[in-house]
Structure formats: C-alpha cells, structure tokens
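FYI, the numbering just counts along the sequence from 1.
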Amino acid sequence: MSTFKKIAIALAVFLVVAGAALWWITRPVPALHTLEETSGTDPVLAEPAPQFFPTVGIAKPIGWGKDGAPTAADGLAVGRFAEGLDHPRVIYTMPNGDVLVTLTKAPPGEVAGGWLTNLVAGFLFSEAGAGGPSADQIVLLRDGDGDGVAEERHTLREGLSSPSGLAWHDGTLYVANHDAVLRFAYEEGATALTGEGEKIADLPPAGNHWMRNILINPEGTRLYVAVGSASNIGEGGMAIEEGRAAIHEINLETGSTRIFAAGLRNANGLAWNPWSGEMWTTVNERDMLGSDLVPDYMTNVPLGSHYGWPWVYYGDVVDERVKMGMPRFLTSYTRVPEYALGAHTAPLGMVFTQQGVRMGDAFARGAFIARHGSWNRFPPGGYDVVYVAFDERGNPTGKPVTVLESFLANDKETRGRPTWVAWDATGALLVSDDTAGIIWRVVNPLSEAGAAPQRNRGERLPPRRNLIGDPARAFEEPPADLMPGSF
C-alpha cells in the first residue's frame, strides 16, 4: 500500500472519529423530568450534569401567517391587538388606556465567557429571531373604539439605546435603556415624547442579560430597576458583575440609589403583589447543568434578600462549577424561591389580577406569566403564557395553568415567542410576541369585570423584650408574651 493511501485512510479514520466525538458532545441531552415536575412550590431538583457544550434546542421562529393564532384556554378568546411591530418587548398601559410598547433588541457587543460563549450566543440570537439592529423605539397603540384592535399607532420616541422598562407617574415617564434610566415630562394622550430626557441613574451596560425592567411604587417616590448578570455563573470574574444580578432602588426625591436585593441571576417581570403589597419578580436561573436544572422561578423580594447567584441555587444547593470564593455564611441567609416555573422556560413579563380584569372565574386570583421559551432544554419548554393561582393570603399554589399555547410548531420551530404581559383598559390581557411582531389580546368575552383584590392586613407582633436562648429557635419555643391570648 502506498504512503498516499495510508495517509488518506488515516485521515478518513480521524475525520470519522472526530465527527463522532463532535456529535457526542453536541447532542441534545433530553430532560428526565417533565416541566410540571420542575414547577410549583416544591419542584424536583435533579442531579446536576455539568456541560462543556450546552444542549442547544432553540426553536426557530417561522411566524403565524395571515390568520394564525395561539390556542387559548377554555372560555378565553384571543385576537390580534396590533401587528407588524419590530420586535416588541415590554408593554405598559397608561391610565387613559393608551398602550406603550418598546421595540428593542440587544445592543451590539460581546458577552462574558470567551469566544465559545460568544459563538454560541451569536448563533442563538440569529436562530431565535433576535439578531440584527435594534429599532430603539417606543410606540403608542390606541384602541379608541374599544373593539380590541389598536386603530392608531404613533412612534412616541426614537433614538433610544435598547430600551425596555417603562413606568409612568404624575406626568413623568421613566424609560430604562440598557445602560441608564431616563425620565421625560409626558402627559397622557400625547403622541410624541419630546425633550432630551433627564438621566437619573447609570446602569451596568449590556451583558448577557441586557433588559432593564422597572417598577415604580404607588407613591411615586421609589423606582426599582432589575439588572441581570453579565455571565452564566460569573465565569468572567466578579469584577464585571458589580451592580448586576440585582434589583436597584432609586430614591426619586433625593437621587440616591442602593441595592434592594441581590443574587438574582436575571430578574425581569417586576410587579406588586396586590394581597401582600410585596414586590415580586420572575427570574431566569443558570444554564449548562442539564435539561432539568435549574428551574426558573418567581418570588417575593424583601429588602436585603439574597437568592444565591452565582454560588448557590434554591437556598443551599452549591454550584460546584463556581470557583470564586463564596461569601461567609451565605447559605445561612440565602432565600428559597417561592415558586418554580420549570427548568429553562425563561419567564419574563408578569402581572397580577386586578380590578376590572375579564378572564373569568378560573383565572380570577393569581399571576399571569409569559414564558419566552428555552434554548437549552430538550424537548423545548415554555413558549407559552401560564397562570399561577394565589390563595387568600397572597401565596402561590398548585401548578402553572396554560393560558396561551401552541406557539411551538414542533420541537425545532416556533410561530412566535411570548415576552411580556399587561392589562388593557377593557380588562383583557395583552401579550407581546417579539419574533412575530404581534401584540395578542386575550379575554373571556362572557366575563364581568373582576373585583379589586383585598389587601391582607393584620396587627403587628409586639417586639421581643430580650433575647433568650437561640434567636433562630424563637418561634419553636416562643416566650409567654408572644403566645396566643397575650395580646
């Protein structure tokens, strides 16, 4: 046998072996648990399966066509409130019923994690329909005749920088770009947002998670800003994570800022729980531990709380991949999320039921969440809108109930991706579908307007007179002045 043939055979063998190895490390590793099992108040936490190359199972958007629509739950009707929008994300309804929408995509630039992470990220953005330049606009949609379709559309503002979060109070509109929060004088009904806008806070720019969603308190004195991490688990070092994976609080009267809560890898849908008055948020957890880890979640966010990122998840489960030193005693105060929303479902927008909603008795007291859809789970999960019931004390119960589904056409294609949710002036649920460029409207046409949620209130517990024994066991052996009947 000639030397040339030997080289050719050796090369062929090498290519076959290399191809087999590449297939092995890039093959999708299927989930062993259902989404239902990784959802709820007591989710299954599978054994971690660290990956060098992630399971990539993103569904490519193919659109809905002229008349297509997602399937709504029994009793609900779905229609197109607006279409032909350039990647709509956050929806915000003004008190007069005008609907503001940010048309936005990620800003240009690299993400943390090195060349492989950027290669995968670029592929994912392209396949998910999120590639290309951002429109950087806020549009106003108006349904003046109340027929469920916006007959007016105005470009309220251009020239922003990957805008997402919106909030309005008493003649002022707050806009969160990826790198700063601005405020503008804006009166209801105006069809243009003029003026330069005042920067009230700088934000850590871009990163792996670039959306900056905001929530204003009822008094209009505090603004809360969610800033996601720059990486999956801090692989680019913690210096670039300063101010990230956190919710910031801005004092609108003094301009001072502070970290309100931390350890939240990618918080998104900020909302006030109407029964408890607490802030709640949706959170996208870490990747590359397999199709079953880690469940994304929604949770309350007390002042000063920490949810563990990047060192731990779900209270005290240590992520062994993280090599940076863990803060001392972290697991003694890390909080456990209140409710899991399934591994890798990517929950984004969230709203609670409120006075006037028309979704029927089956959806009368709870939260609605847009699950944007997985990119690293097989089979794919999310790509839907779900409802989580809350009990009379303001706590989530049961499993997620589907409100809108069939965004997925099959395991490799999706018609759209639900992103954000908000109520319109008639009590219908609006859902932004960013890759399809549509705002869906969901309502129970036979439902009366719902009553206002009743805020839970009670007497405060009296202060402890002194510390006796182990404070951590105070409620196991309470002193006499805290026993029933003593106050």
Side-chain angles (χ1 to χ4, degrees), residues 61 85-92 100-113 117-118 121-122 124-140 155-168 173-184 186 193 196-215 223-231 236 240-248 250 264-270 281-282 284 346 348-349 370 372 375 417-420 422 432-437 439:
L85 301 168
D86 186 356
H87 215 255
R89 300 283 277 189
V90 173
I91 313 171
Y92 186 85
L100 309 185
V101 183
T102 55
L103 308 185
T104 186
K105 294 179 183 178
E110 294 188 349
V111 299
T117 299
N118 279 272
L124 293 177
F125 275 120
S126 176
E127 288 295 295
S134 173
D136 290 344
Q137 295 179 349
I138 303 172
V139 298
L140 182 152
T155 299
L156 199 66
R157 184 80 180 192
E158 296 183 289
L160 297 165
S161 184
S162 295
S164 48
L166 299 169
W168 183 89
L173 181 67
Y174 299 89
V175 180
N177 284 332
H178 77 95
D179 57 358
V181 179
L182 310 176
R183 64 181 164 197
F184 299 84
Y186 179 67
L193 187 61
E196 289 300 315
E198 176 190 2
K199 182 195 292 187
I200 63 171
D202 287 307
L203 299 174
N208 284 28
H209 306 111
W210 58 271
M211 288 185 70
R212 306 288 182 253
N213 298 303
I214 59 180
L215 178 69
L223 190 72
Y224 300 89
V225 188
V227 179
S229 69
S231 63
I240 64 171
E241 301 294 351
E242 184 176 354
R244 300 180 190 267
I247 295 174
H248 297 242
I250 304 173
L264 300 150
R265 178 176 174 268
N266 186 26
N268 281 284
L270 304 177
T281 186
T282 58
N284 292 188
L348 295 180
H372 199 228
W375 66 266
R417 303 190 77 185
T419 306
W420 213 254
S432 63
D433 182 341
D434 59 0
T435 61
I439 306 293

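Between Glu196 and Arg157, the closest heavy-atom pair is O-NH2, 3.8 Å. Here the closest non-hydrogen pair linking Val175 and Pro163 is CG1-CB, 4.2 Å. Here the shortest heavy-atom pairing between Ile214 and Ala176 reads CG2-CB, 3.8 Å. Nearest heavy atom pair, residue Ala267 against residue Ala226, reads O-CB, 3.5 Å. Val90 approaches Gly165 most closely through the heavy-atom pair CG2-N, 4.4 Å. When all heavy atoms are compared, the tightest approach of Ala230 to Asn208 is O-OD1, 2.6 Å.
With sequence neighbours left out, Arg89 forms a salt bridge (charged side-chain N to carboxylate O under 4.0 Å, His left out) with Asp434. Residues passing the side chain to side chain donor-acceptor pair (under 3.5 Å) test with Asp179: none are found, sequence neighbours excluded. The side chain to side chain donor-acceptor pair (under 3.5 Å) check on Asn268 picks up Asn213, with sequence neighbours excluded. Listed by chain and number, the residues in a side chain to side chain donor-acceptor pair (under 3.5 Å) with Asn177 amount to none (sequence neighbours excluded). When the side chain to side chain donor-acceptor pair (under 3.5 Å) test is applied to Ser161, the partners found at least two apart in sequence or on another chain are His178. Evaluation of the ring pair (Phe, Tyr, Trp, His ring centres under 6.0 Å) rule for Tyr224 yields Phe260, Trp272 as partners, not counting sequence neighbours.
Under a 3.5 Å cut-off, the side chain of Ser134 and the backbone N or O of Ser162 do not form any donor-acceptor pair. His248 places no side-chain N or O within 3.5 Å of a backbone atom of Val225 that could act as its donor or acceptor partner. Looking at Glu158, its side chain never comes within 3.5 Å of a backbone N or O of Asp136 through a donor-acceptor pair. Looking at Arg417, its side chain does come within 3.5 Å of a backbone N or O of His372 through a donor-acceptor pair.
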### Task
Step by step, work out the side-chain contact (heavy atoms from CB on, under 4.5 Å) result for Thr102 and Trp420.
CA-CA 11 Å; Thr102 55; Trp420 213 254; over 6 Å; no

### Task
For the pair Val181 and Arg212, evaluate side-chain contact (heavy atoms from CB on, under 4.5 Å) and give the outcome as yes or no after the intermediate values.
CA-CA 9 Å; Val181 179; Arg212 306 288 182 253; over 6 Å; no

### Task
Evaluate the criterion side-chain contact (heavy atoms from CB on, under 4.5 Å) for residue pair Leu173 and Leu100; output intermediate values, then yes/no.
CA-CA 11 Å; Leu173 181 67; Leu100 309 185; 4.0 Å; yes

### Task
In sequence, state the C-alpha distance, the side-chain angles, and the governing distance for His87 and Leu103, and then conclude on side-chain contact (heavy atoms from CB on, under 4.5 Å).
CA-CA 5 Å; His87 215 255; Leu103 308 185; 5.8 Å; no

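To the nearest 0.5 Å, the span separating OG1 on Thr419 from CE on Met211 amounts to 7.5 Å. Taking CD1 of Ile200 as the reference point, atom CG of Leu223 lies at 5.5 Å (rounded to 0.5 Å). The CG atom of Leu160 sits 8.0 Å away from atom CG of Leu193, with the distance rounded to the nearest 0.5 Å. One finds the CG atom of Asn284 at 5.0 Å from the CG atom of Asn266 (value rounded to the nearest 0.5 Å). In this structure, the separation between CG on Leu270 and OG1 on Thr282 is 7.5 Å, given to the nearest 0.5 Å. Here the straight-line distance linking atom CG of Leu264 with atom CZ of Arg244 works out to 15.0 Å at 0.5 Å rounding.
Put simply, the residue from Tyr174, Phe184, Tyr92 that forms a side-chain contact (heavy atoms from CB on, under 4.5 Å) with Trp168 is Tyr92.
Between Ser432 and Val101 there is no side-chain heavy-atom pair separated by less than 4.5 Å.
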